[in-house]
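One structure below.
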Amino acid sequence: MTLPVSDPAAWATAMNNLGMAPLGIAGQPILPDFDPALGMMTGIPPITPMMPGLGIVPPPIPPDMPVAKEIIHCKSCTLFPPNPNLPPPATRERPPGCKTVFVGGLPENGTEQIIVEVFEQCGEIIAIRKSKKNFCHIRFAEEYMVDKALYLSGYRIRLGSSTDKKDTGRLHVDFAQARDDLYEWECKQRMLAREERHRRRMEEERMRPPSPPPVVHYSDHECSIVAEKLKDDSKFSEAVQTLLTWIERGEVNRRSANHFYSMIQSANSHVRRLVNEKATHEKEMEEAKEKFKQALSGILIQFEQIVAVYHSASKQKAWDHFTKAQRKNISVWCKQAEEIRNIHNDELMGIRREEEMEMSDDEIEETTETKETEESALVSQAEALKEENDSLRWQLDAYRNEVELLKQEQGKAHREDDPNKEQQLKLLQQALQGMQQHLLKVQEEYKKKEAELDRIKDDNLQVEQLLENFHEKQENCGSRLCASSQEGEQPLEKTAVSNPVKSEREALLVGIISTFLHVHPFGASIEYICSYLNRLDNKASYQIPSKLTTSPLLPISTSDVESLMSRLQHTFRQEMTGVGASLEKRWKFCGFEGLRLT
């Protein structure tokens, strides 16, 4: 490697040979203010990343600053930088642990020695695999060397000073995926994972609490030592742990039972001591609470006195003698003292509330204990009843099994006596199956009938309500008709002749049929309507009120109902429903549509 070119004419000649416009180092045209002594244009610092000792790859450049590549001179070839105005060469996604690069665009006359000469500046080369089609693969020793090799992507290479096409080419350097690189990367990852697991294990072992000391094995000598420790209050916890371990190990036998009993007895003697200690601690805590309350109340009294001083100083008799700054300080001090007093007062009230809550909790605990005893008694009774029920159920199952066994034995005996009984049993079984199927069908029909009965009951309730409304409207209409009849009888006679409803009975039938068809939006046959009217007539609760008539509805015929409904074309409409054999005439209520038409 040598210094960059210092002659602008040589630079321009080299660029012309490659078919490129003569440009400067940063991509600008060569200007007349070029200084041959400096070897570069004025305004550019003399230090360049291509200088010896700095390596091929330049120092980190900010992303917003354009990269200025320069000519690289080697022993057997020369590398010319690409046009800086062109976009950077495209590269594939970097494989994990990549140490191998693909180099394309090599000259046809390029040899492995030239490739080593160009790329050995990037780092130590481990292997080169050259192809006959002007490309090769280079494997470096480290991963960072691949980044240095990618810096040469886009450079134009020329062997010597020849301009022949076979001695020139444009380098394209890209990441390559090699199995050796992937294997080394996986080994490295596994090593790092092992180190991480080892580090975590060491950290867990460091953070793990120390294991308790081992408990000595039982012997008469150790038993006497533990018995002495059980009598000492300071060594009681350690001795009790040893005693517990011996009992769990099964060291108690007929010979050592007396020793263990004496140790258990000495352990029991500490119960009274522990209870007394707890009582003394509780008493000390209560005394400390009482002292704290008294001190807090004393502090509050002093705060009240201080606030009273501020309030008395704020009165006009003394307030007028203070300066403006003094008044401001007094008001600020008064606010601070009031805030602190309120905080301490809330704290004291909170302590008193906690004491009241503790008293109420004690009462609640007593009531809950009584409830728990009652509930436990009920639960015990329920469990006893469950046990009795389970025992009775098991006895019943046993009796059933015995009966089935007896039946099977009898059936076997009958089969041996008479072979024709098998056929009879089969016939009986078929008959039973048929009866069961019939019973299921009857039950389904019964359920359907019940559903229809409930629906009819709901319809009857709606009809009753509509009848009441209809009777009220009829009374109002009757009063209006009487008033109008007094004014003139002749117009009434004309309207009666033209009215399709000829009597009060027909009007009542129209109301009932309208209500019935209104709750059947898909219509109903004339037989269904007549059966409903006759069923209403048979019930005394559905008779016409005595205000309108003195006799119930007469038996209704289908012809009368059909003629009445056919006269009222704007109220009732007849339609044909069904297909084929299921074709049926149904009447529907269309009174609201008739209102729109009229």
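Numbers for residues simply follow the sequence, beginning at 1.
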Heavy-atom nearest pair, Arg170 first then Leu86, reads NH2-CD1, 4.1 Å
Qualifying ring-ring contact (aromatic ring centres under 6.0 Å, His included) pairs, either residue in residues 277-298, two or more places apart:
none
In terms of side-chain heavy atoms, does Thr577 have a donor or acceptor partner in Glu584 at a distance below 3.5 Å?
no
Taking the six-membered ring of Tyr151 as reference, does the cationic atom of Lys69 (NZ for Lys, CZ for Arg) lie under 6.0 Å from its centre and within 45° of its axis?
yes
Suppose the criterion is salt bridge (charged side-chain N to carboxylate O under 4.0 Å, His left out): which pairs have a residue in residues 196-206, not counting sequence neighbours?
Glu196-Arg199, Glu196-Arg200, Glu203-Arg206
Which residue pairs pass the salt bridge (charged side-chain N to carboxylate O under 4.0 Å, His left out) test when at least one of the two sits in residues 100-114, sequence neighbours left out?
none
Test of ring centre spacing under 6.0 Å for Phe175 and Phe102:
no
Do the ring centers of His518 and Phe592 come within less than 6.0 Å of each other?
yes
What residue pairs, at least two apart or across chains, pass side chain to side chain donor-acceptor pair (under 3.5 Å) with a residue in residues 329-338?
His311-Glu338
Could you note down all residue pairs passing side chain to side chain donor-acceptor pair (under 3.5 Å) where residues 130-141 supplies at least one of them, sequence neighbours left out?
Arg139-Asp181, Arg139-Glu184
Anything under 30° is parallel, anything over 60° is perpendicular, the rest tilted; go ahead and classify Phe303 against His344.
tilted
Run the side-chain contact (heavy atoms from CB on, under 4.5 Å) test against Asp454 and tell me which residues pass, sequence neighbours left out.
none
